[in-house]
Amino acid sequence: MIDSNPGPVPRLSPVDRAADTLFVYGTLRFRRILTALLGRVPSATPGTVSGWRTAALTGRPYPGLVPAPGQTATGLLLSGLSTHEWRVLDDFEDDEYELRRLPVDRDGGGDGAGETWAYVWADPGEVRPQNWEADTFAGHQLDRYAIRLEAAALRFRGRA
């Protein structure tokens with residue numbers, strides 16, 4: 001879960017935490033999840049990454065971003081994240097994900113193409129053939145998932 005260690009996170013060392021964006025494509029697209037983790041909802045704009053898909057994972061309610069030629073993953077670009085917020089999100093994503101820089105198309109912002117950071121799934125053995133669907137998650141699992149996350153965040157804040 002969330003680590004209270006304020007030390008550097010090697011996976012985050014190449015990130016310019018003040019300027020870089022984070023592409024989120026799964027549970028972090030939901031305001032309730034971001035609020036539970038960060039205490040706020042950062043600035044977010046729609047974005048897509050081509051050549052990737054948001055894959056359903058075996059036995060998990062959340063997805064993984066995996067290479068998929070000819071497909072496009074949709075999500076949000078989070079910006080204005082503090083150093084602490086980058087650490088919280090990095091802890092949330094844990095070691096089953098790799099942080100990578102990917103080309104991104106910014107939708108609706110007029111920025112065109114650019115680059116962003118994204119957590120990509122590292123274990124191909126758990127990737128299912130179907131895509132993870134945000135609407136299905138919202139309708140069937142979001143409340144239960146958010147309640148568990150909110151309770152964990154309260155416990156963590158109580159220890160800090």
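For the numbers below, each heavy atom of this structure counts, side chains included, while hydrogens, waters and symmetry mates do not.
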How close do A73 and T54 get, counting heavy atoms only, and between which atoms?
CB-OG1, 3.6 Å
Heavy atoms of R32 and I147 approach each other most closely as NH2-CG1, 3.5 Å
Step by step, would you call W121 with Y97 a ring-ring contact (aromatic ring centres under 6.0 Å, His included)?
CA-CA 5 Å; W121 188 250; Y97 292 89; 4.9 Å; yes
Between OG of S82 and CG of L38, what distance do you get to the nearest 0.5 Å?
7.5 Å
Between CG on residue L102 and CG on residue L65, distance to nearest 0.5 Å
6.5 Å
What's the verdict on side-chain contact (heavy atoms from CB on, under 4.5 Å) for T27 and L149, showing C-alpha distance, side-chain angles and the deciding distance?
CA-CA 11 Å; T27 61; L149 188 57; over 6 Å; no
Given side chains that start at C-beta, do those of E150 and L154 come closer than 4.5 Å, heavy atoms only?
no
If every non-hydrogen atom of V127 is compared with every non-hydrogen atom of D123, which pair is closest and at what distance?
CG2-O, 3.8 Å
Kindly state whether the ring of F137 and the ring of W132 have centres lying under 6.0 angstrom apart.
yes
Roughly how far apart are S43 OG and L76 CG, rounded to 0.5 Å?
11.5 Å
Could you walk me through whether H140 and T136 pass the side-chain contact (heavy atoms from CB on, under 4.5 Å) test, one step at a time?
CA-CA 6 Å; H140 299 287; T136 301; 3.7 Å; yes
Heavy-atom pair of closest approach, residues V49 and P103:
CG1-O, 3.3 Å
Report the distance from atom CZ of F92 to atom CG of L28, rounding to the nearest 0.5 Å.
5.0 Å
Mark yes when over 12 heavy atoms from residues, nucleotides or ligands other than D135 sit less than 6.0 Å from its CG; otherwise mark no.
no
Please find the pair of heavy atoms, one from A36 and one from A153, that lie closest to each other, and give the distance.
O-CB, 3.4 Å
Residues V24, Y119; criterion side-chain contact (heavy atoms from CB on, under 4.5 Å); working and verdict:
CA-CA 8 Å; V24 295; Y119 286 94; over 6 Å; no
Are any of the side-chain nitrogens in R100 or E115 under 4.0 Å away from the carboxylate oxygens of its partner?
no
Closest approach of P42 to L81 (non-hydrogen atoms, all atoms of both residues):
CG-CD2, 3.6 Å
State plainly whether the residues R40 and E85 are in salt-bridge range, i.e. N to O under 4.0 Å.
yes
Quick check: do N131 and Q71 have side-chain heavy atoms less than 4.5 Å from each other?
yes
d(R148 CZ, Q141 CD) to nearest 0.5 Å is 9.0 Å
Can any side-chain N or O of R128 pair as donor or acceptor with the backbone N or O of G59 at less than 3.5 Å?
no
Do you know which of L78, L89, D20 makes side chain to side chain contact (heavy atoms under 4.5 Å, CB included) with W117?
D20
Report the C-alpha distance between T116 and T21 in whole Å, list the side-chain angles of each, state the deciding distance to 0.1 Å, and finish with yes or no for side-chain hydrogen bond (donor to acceptor under 3.5 Å, both in side chains).
CA-CA 5 Å; T116 190; T21 60; 2.7 Å; yes
How long is the gap from CZ on R87 to CG on D91, to the nearest 0.5 Å?
9.5 Å
Assess whether side-chain contact (heavy atoms from CB on, under 4.5 Å) is satisfied between R60 and E96, documenting all intermediate values.
CA-CA 12 Å; R60 299 175 190 263; E96 294 176 313; 2.9 Å; yes
Using the rule that Ile, Leu, Val, Met, Phe, Trp and Tyr join whenever any side-chain heavy atoms are under 4.5 Å apart, tell me whether V41 and Y25 fall into a single cluster.
yes
